[in-house]
Amino acid sequence: MKRTCLSIRCFDTKPTLLPSPVPAITDIINTTKFELYHCQQSYRHHQSLSFGYSHHKTIADLLHAYVIKNGSLQSLGICNYLLNLYVRKSQNLYHAHKLFDEILARDIRTWTILISGFAHYENYKMVLHLFRKMQREGVYPNQFTLSSVLKCCSTLCELRNGKAIHGWILTNEIGLDVVLENSILDLYVKCGALDYAQRLFKSMEWKDTVSWNIMISAYLHMGHVQRALDLFLSLNFKDVTSWNTIMDGLMKNGFERTALELLYKMLEIGPMFNAFTFSIALNLVSCLSLLELGKQIHGQVLRLVLHNNGFIRNSLLGMYCKCGKMEEASMTLRTIPLKISCDDSLAEIVSWSSMVSGYVRNGKYESALQTFRFMVNEQVVVDKFTLTSIVSACANKGILELGRQVHAHIQKIGHKLDSHLCSSLIDMYAKCGSLNDAQRIFKQNIDMNVVLWTSMISAFAFHGQGQEAVQLFECMMNERIKPNEITFIGVLIACNHAGLLEEGCKYFELMQKVYGIKPGFEHYTCMVDLYGRSGRLNEAKEFIHENGISHLSAVWKSFLSCCRLHKNVEMGKWVSERLLKLEQSDAGSYILLSNMYSTDHRWEEAANVRSLMRQRRVNKLPGLSWIQLKNQVHNFFF
DNA sequence: CTAGGGTTAG
């Protein structure tokens, strides 16, 4: 039975592979003899080799063997055909490269097939290597090779190489068509050379819609939103890409509402949506948390049978994750189509890592870890994206062992720790109590960014080592790394722990005056805490009024615990009245007040607060803690 | 030319 299936498959697929331009090969393949030979061979191949060995590959290999046997390697036409077969059908670039070396008389087509093949599989180093070799051998590149090489330079941000090629084209007077000029334009944009792009754009005789679209995306990449919008609006003819580009760019620059307006406008007067539009629309929906609109788009996606598109599926998944609908997200994940091609496998990896990060984002660490275990069992590729989320889950669950295992695993497979993974690991070791390990990772990392420094500063703050945290913060500013709002939260907490009132005030001012960061309620709470803990209750009160933050209950809670710390019961009473007005049903406020009375041995008043809680039916959730001993988690209630 | 996944916040 197996044999029949295989033969049918081979015969079925054969016609698509008929190499019509090369008569010699066509003759061979058309003979029954070859067909039989091929089927027998492929049957043997299927038995001896692991599954996944495609019939295309078999055909290319057999043809290769046949060609060598018959001495047809001299025929360039056959060689190029065979090379193309390796590149396009069997996707075996290794064999293609080997064959390429065997071909003695290579023409420009031979080079083009191989170079565009490597470009297609994003092996850009090889593309550049082959291009240089080609130039050394004195072969003149054509438009196809040039556009492959230019795409490669733009992906690698190789501005120097790109400029050299542009110069070479100009001096050798190669015919520049719009397509090639657009590639160069895009190269300059991707490398961030806006001035070069503008100069080229002005000098271009013919500009098509693609050229204009590239300029729109150029302005958006540089953050010149208004210029991009003006350019977009001034276009007489806007294609789908123009609309897609402007909406995506507006969203990424923080103008989500404008992007949404344009989406509605596009529906009314613009061109038909394509797959890109749906993906962008779904991302827009997640940014704005418009779940209902998202569901409508989901319906439309199903109606148009676009749900098998990897990008769209992942945008859907991301939308549900960001809206907190994990059930729906997991449903989307479960509908991965069976057909898995080269592009789909990446999409699948992205789907899984989105799912894991979604669980972590929504605080469902246990589900994240479960998904991870499932992935390992089912041999789904776990890459650095998934690992980063998993380490973060370990950090928040305090599971040092798994965290260490993941760290060891990363070292074993030789992954370089990038900054995201490092920050996650630092955070994990710090939260699991191993400050030394956190420090070791921080020191071994070479490319430093804000998040990395912030993680380490917070790690010190977390361990009560305020002085070290502040020192590190000073180092960071010396290195001219710009702190963000989260960095300042860490620094202010550190000042709190070390009782550094003056420094805290200094940094709070620095944040606003030098770095232009508007304080959020976390910063205000830290400051109130800082004043309060130092015993300056009146200054804390003044601070609250000066900054107009008396409506924030977190601020008053922090203030109240300071009153308890300094046994200022009268002030505490006054504060708790305000607090209870703000939040009638929050157990925490009652508990704080009652605790303050008990600290001062005013048992009766403490009991009154408790009975007030009962009257108002406010329940305190019991505290829960746990410890992991020998693979078993033990829970404690308070 | 345009679309998808990760880190820091007692």
Side-chain angles (χ1 to χ4, degrees), chain A residues 151 154 178-179 182-183 185-186 189-190 208-218 220 239-249 251-252 273-284 286 309-319 321-322 343 346-358 360-361 383-393 395 417-428 430-431 449-459 461-464 483-494 496-497 520-523 525-526 529 558:
Chain A
K151 192 189 162 214
S154 80
V178 203
V179 180
N182 282 339
S183 312
L185 194 62
D186 189 49
V189 171
K190 292 272 159 63
D208 59 4
T209 317
V210 178
S211 326
W212 290 100
N213 289 344
I214 294 173
M215 285 318 283
I216 293 177
S217 78
L220 289 168
D239 67 358
V240 211
T241 309
S242 322
W243 287 89
N244 290 344
T245 308
I246 193 77
M247 288 192 299
D248 187 59
M251 175 172 62
K252 289 193 173 138
F273 284 20
N274 65 6
F276 285 76
T277 322
F278 277 103
S279 186
I280 293 165
L282 285 167
N283 299 333
L284 199 52
S286 359
N309 176 312
F311 276 97
I312 293 184
R313 208 182 48 242
N314 288 329
S315 296
L316 272 170
L317 198 105
M319 191 253 317
C321 284
K322 276 167 202 148
D343 296 337
L346 204 223
E348 203 189 321
I349 296 168
V350 174
S351 298
W352 284 99
S353 83
S354 303
M355 198 68 214
V356 172
S357 74
V360 173
R361 184 204 307 270
D383 63 3
K384 57 179 178 175
F385 291 90
T386 310
L387 287 175
T388 308
S389 301
I390 287 300
V391 172
S392 171
L417 289 182
D418 70 357
S419 58
H420 291 265
L421 208 36
C422 267
S423 323
S424 225
L425 281 168
I426 290 172
D427 184 50
M428 188 271 294
K431 288 211 174 103
N449 66 20
V450 217
V451 182
L452 216 48
W453 284 87
T454 306
S455 308
M456 198 61 228
I457 291 170
S458 308
F462 198 82
H463 280 258
N484 63 19
E485 62 274 23
I486 300 167
T487 318
F488 279 105
I489 296 176
V491 173
L492 292 177
I493 287 164
N496 246 330
H497 286 186
F521 84 93
E522 296 97 334
H523 302 101
T525 315
C526 281
D529 219 34
S558 156

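Since the model is a prediction, treat every value here as computed from it, not as a measurement. Basis for what follows: all heavy atoms, side chains included, without hydrogens, waters or symmetry-related copies.
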Could you state the atom-to-atom distance from [atom1] of [X] to [atom2] of [N] in whole Å?
X	N	atom1	atom2	value
Phe273(A)	dA3(B)	CZ	P	16 Å
Asn213(A)	dT2(B)	CG	C1'	8 Å
Leu425(A)	dT8(B)	CG	C1'	13 Å
Met355(A)	dG4(B)	CE	P	19 Å
Asn244(A)	dG4(B)	CG	C1'	14 Å
Ile280(A)	dT2(B)	CD1	C1'	5 Å

Classify [X] by what it touches in the nucleic acid, base, sugar-phosphate, or nothing, heavy-atom distance under 4.0 Å.
X	value
Thr245(A)	sugar-phosphate
Thr241(A)	base
Asn182(A)	nothing
Asp529(A)	base
Lys190(A)	sugar-phosphate
Phe462(A)	sugar-phosphate
Ile214(A)	sugar-phosphate
Ser423(A)	base
Ser419(A)	base

Please evaluate the base of [N] for a donor-acceptor partner in the side chain of [X] within a cut-off of under 3.5 Å?
X	N	value
Ser389(A)	dG6(B)	no
Asp383(A)	dG5(B)	yes
Asp418(A)	dG6(B)	yes

Under 4.0 Å between a side-chain N or O of Arg361(A) and OP1 or OP2 of dG6(B)? yes

Just to confirm, is there a sub-4.0 Å distance from OP1 or OP2 of dT8(B) to any side-chain nitrogen or oxygen of Ser392(A)? yes

Choosing from [options], which nucleotide comes nearest the side chain of [X]?
X	options	value
Lys431(A)	dT7(B), dA9(B), dA3(B)	dA9(B)
Ala347(A)	dA9(B), dG4(B), dG5(B)	dG4(B)
Val350(A)	dT7(B), dC1(B), dG4(B)	dG4(B)
Asn283(A)	dT7(B), dA9(B), dG4(B)	dG4(B)
Ile489(A)	dA9(B), dC1(B), dG6(B)	dA9(B)
Asp239(A)	dG6(B), dG4(B), dC1(B)	dC1(B)
Lys322(A)	dG10(B), dC1(B), dG5(B)	dG5(B)
Ser458(A)	dG10(B), dA3(B), dA9(B)	dA9(B)
Ile493(A)	dA9(B), dT8(B), dC1(B)	dA9(B)
Phe385(A)	dT2(B), dA9(B), dG5(B)	dG5(B)

Taking side-chain contact (heavy atoms from CB on, under 4.5 Å) as the criterion, tell me which of Ser392(A), Ser389(A), Ser419(A) meets it with Ser424(A). Ser392(A)

Are the side chain of His523(A) and the backbone of Gly520(A) linked by a donor-acceptor contact shorter than 3.5 Å? yes

Donor-acceptor pair, distance only, cut-off 3.5 Å: does the side chain of His463(A) make one with the backbone of Ala430(A)? yes

Could I get the full list of side chain to side chain donor-acceptor pair (under 3.5 Å) partners for Thr388(A), not counting sequence neighbours?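 Partners of Thr388(A) by the side chain to side chain donor-acceptor pair (under 3.5 Å) criterion come out as none, since no residue qualifies.
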
Do we see Phe311(A) stacking on the base of dG4(B), given a limit of 5.5 Å between centres and 30° between planes? no

Search all heavy atoms of Leu417(A) against all heavy atoms of Cys422(A) and return the closest pair with its distance. CB-SG, 3.8 Å

Using the side chain to side chain contact (heavy atoms under 4.5 Å, CB included) criterion, which residues pair with Ser286(A)? Sequence neighbours excluded. Met319(A), Lys322(A)

With a 3.5 Å cut-off and no angle check, do the side chains of Asp208(A) and Ser211(A) form a donor-acceptor pair?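 Yes, because at least one side-chain N or O of Asp208(A) sits under 3.5 Å from a partner of the opposite role on Ser211(A).
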
